[in-house]
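Reminder, nothing fancy here: chain letters follow the sequence lines and each chain counts from 1.
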Number of protein chains: 2
Amino acid sequence: MSDPTPPPVQHLDLGAFELAGGHVLPGARLAYRTVGELNDARDNAVLLPHMYSGTSEFMTAFIGEGRPLDPTRYFFVLPDQFGDGVSSSASTQPPPYDRGSFPAVAVSDDVRAQHRLVTEHLGIERLAMVSGWSMGGQQTLEWAVRFPDAVARAVPFAATLRNPDHCSVFCDLHMDALRSDPAFAGGSYARSADVALGLRRHAQAFALMGATSHMYREEAWRELGFTSRDGFVQGFLQAYFLPMDPNDLLTQAAKWKASDVAAVTGGDLDAALARVTAEVTDVAFTGDLFFPPEDVRADAERIPGARYEEIGSVWGHFTMFNLRESDTAQIDEVYARVLG
Amino acid sequence: MSDPTPPPVQHLDLGAFELAGGHVLPGARLAYRTVGELNDARDNAVLLPHMYSGTSEFMTAFIGEGRPLDPTRYFFVLPDQFGDGVSSSASTQPPPYDRGSFPAVAVSDDVRAQHRLVTEHLGIERLAMVSGWSMGGQQTLEWAVRFPDAVARAVPFAATLRNPDHCSVFCDLHMDALRSDPAFAGGSYARSADVALGLRRHAQAFALMGATSHMYREEAWRELGFTSRDGFVQGFLQAYFLPMDPNDLLTQAAKWKASDVAAVTGGDLDAALARVTAEVTDVAFTGDLFFPPEDVRADAERIPGARYEEIGSVWGHFTMFNLRESDTAQIDEVYARVLG
């Protein structure tokens, strides 16, 4: 952002919102931010959902005057996903759906809520683009399948149509890491900081899988100012995750693990993909241990008309954290091509 | 083995054995098995150290009449590494070095003890080959550097000269998984089965890193008779690790993490490698998440005269578990080339 102050958070009251899992969430709220202005034709809107552990603020890092995501040209809508602590979440919901008893949410729940925001509240029929990273990419793909008429372009980064099985093994591990802290107490801890041990274990799992062996071999963490590998794990990963709420992370992680765009067609993936009309650019990151390039490429070959691109970086899944200028530049190039 | 009964375990008393870390381990014992007969020239001995979590029995899987490792032709020595529960270990050592207070052991300690076994006890000056997988490969490389005159051929599978940094992040994670169980109690648990929760978490880490995303995508676990991914994790990984002793695993894991052949030359790796006279065949497994092929290849380019080979399998680091006949066949081919 050229303006370092993030735009303010707004809320849409969804009322009693029926979730895919069957629960009805009373007083559900969808938080979001906007950047730029909707034009008179209402055709310059871009939706940018965020990744696991992020909030609506994250994707503002790719918006800037003179950049492909230019706020003088586009109207950006940045939704908070359920469970991120800003939209309805375990940490914000009153009893009986609070804390460890917050119901399971699906990626499709986020997308259906966002669809209401975009169409009913903002009066936008068709988005010029939907794009996001990781869980933001899962939401992007879900949009393209579930609401094909509302998406002109879909640009998922580092995400797949269905969560890869190996990635589900990873989700099991990092979810269990949070729960392994005796202070977690089935999610009924008093303060999230009480579960610091679980949050640290969870951070270690991301130190292992978020970057690549190549990054550690090159000691690319030195570029971030760290002087040792352990310093990076503690000063970057633990520092990042420690302020978060374990129940909120678990809500998001369960969504991530269960993600599957074929839910809308009862599990028939080909039928789901036949619905897609958006121009899809499916982007993988070299060395990504969550969503390997071969899975993203296989998806791209299956989605009608989709293009496959791969961005090379030592950062693997973390490429979109903008830890190297060349990473951000390559992402901007994708956006420039798609929107150009 | 053509004979399904493994050869009996023997023991060499090492007396008070000084460890690289400074402790002197009283009454140290090195366990081992032998297969075949030492010839009159005493030049047909092959040493086969084993991997993390294994014992001397493991490498018998590659020995068989008519196979490259033929017991009618070679005399095989299969040592148990310290901490494997058969040689001196946390689970076998009397106080004050018992359980959580077992001292840190280095790969070089194993190799020095094995050198005494081979030279002083068995009267062998030079081994026709040293070969092993993973930590067995670390020991193989340590042999080639530390006792160059005693090694004609060195064939490490899936191991590196120094533990890769990323692999150390993995070691931190799976060691912490064992300690995360409140019943671990600093290593002073009464029975290893009390730490079942820690052993299960540790198994999950190996489910994530031991195989590959490719294996999960192909559901190659079906070939082992499992009907679900979770069934494989529980029935294969948990079943494998649950009977083990956490303190013993931690002794081995700390060795693995700290492994570095340059210790013998005060950290100077080039000086260490200049010592090597063995014919080295450095073998990587495609997709190995512990010791990636690019690291093994970089080692091979640095070791004087070494050859690099790569074995393709969906099983990644677990390729040497012989889960597919084609994996075993490729390993046998390496041995045939080296010994042929």
Below 4.5 Å from any heavy atom of chain B, which atoms of [X] appear? Answer side chain, backbone, both or neither.
| X | result |
| --- | --- |
| A:Ala177 | neither |
| A:Leu197 | neither |
| A:Asp181 | neither |

Is there side-chain contact between B:Arg201 and A:Asp176, with at least one heavy-atom pair below 4.5 Å? yes

Side-chain heavy-atom pair B:His174, A:Leu208 within 4.5 angstrom cut-off: no

Most contact-rich option vs chain B, by heavy-atom pairs under 4.5 angstrom, among A:Ser213, A:Pro182, A:Ser168, A:Ala205, is A:Ser213

Roughly how far, to the nearest 0.5 Å, is CE of A:Met209 from CZ of B:Phe170?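 B:Phe170 atom CZ to A:Met209 atom CE measures 10.5 Å (nearest 0.5 Å).
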
Are A:Asp165 and B:Arg217 within salt-bridge range, i.e. N to O under 4.0 Å? no

Which atom names give the shortest non-hydrogen contact between A:Asp172 and B:Gln204, and what distance separates them?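 Shortest heavy-atom separation between A:Asp172 and B:Gln204 comes out as CB-NE2, 3.4 Å.
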
Verdict with supporting geometry, B:Thr212 and A:His166, side chain to side chain contact (heavy atoms under 4.5 Å, CB included): CA-CA 7 Å; B:Thr212 67; A:His166 183 245; over 6 Å; no

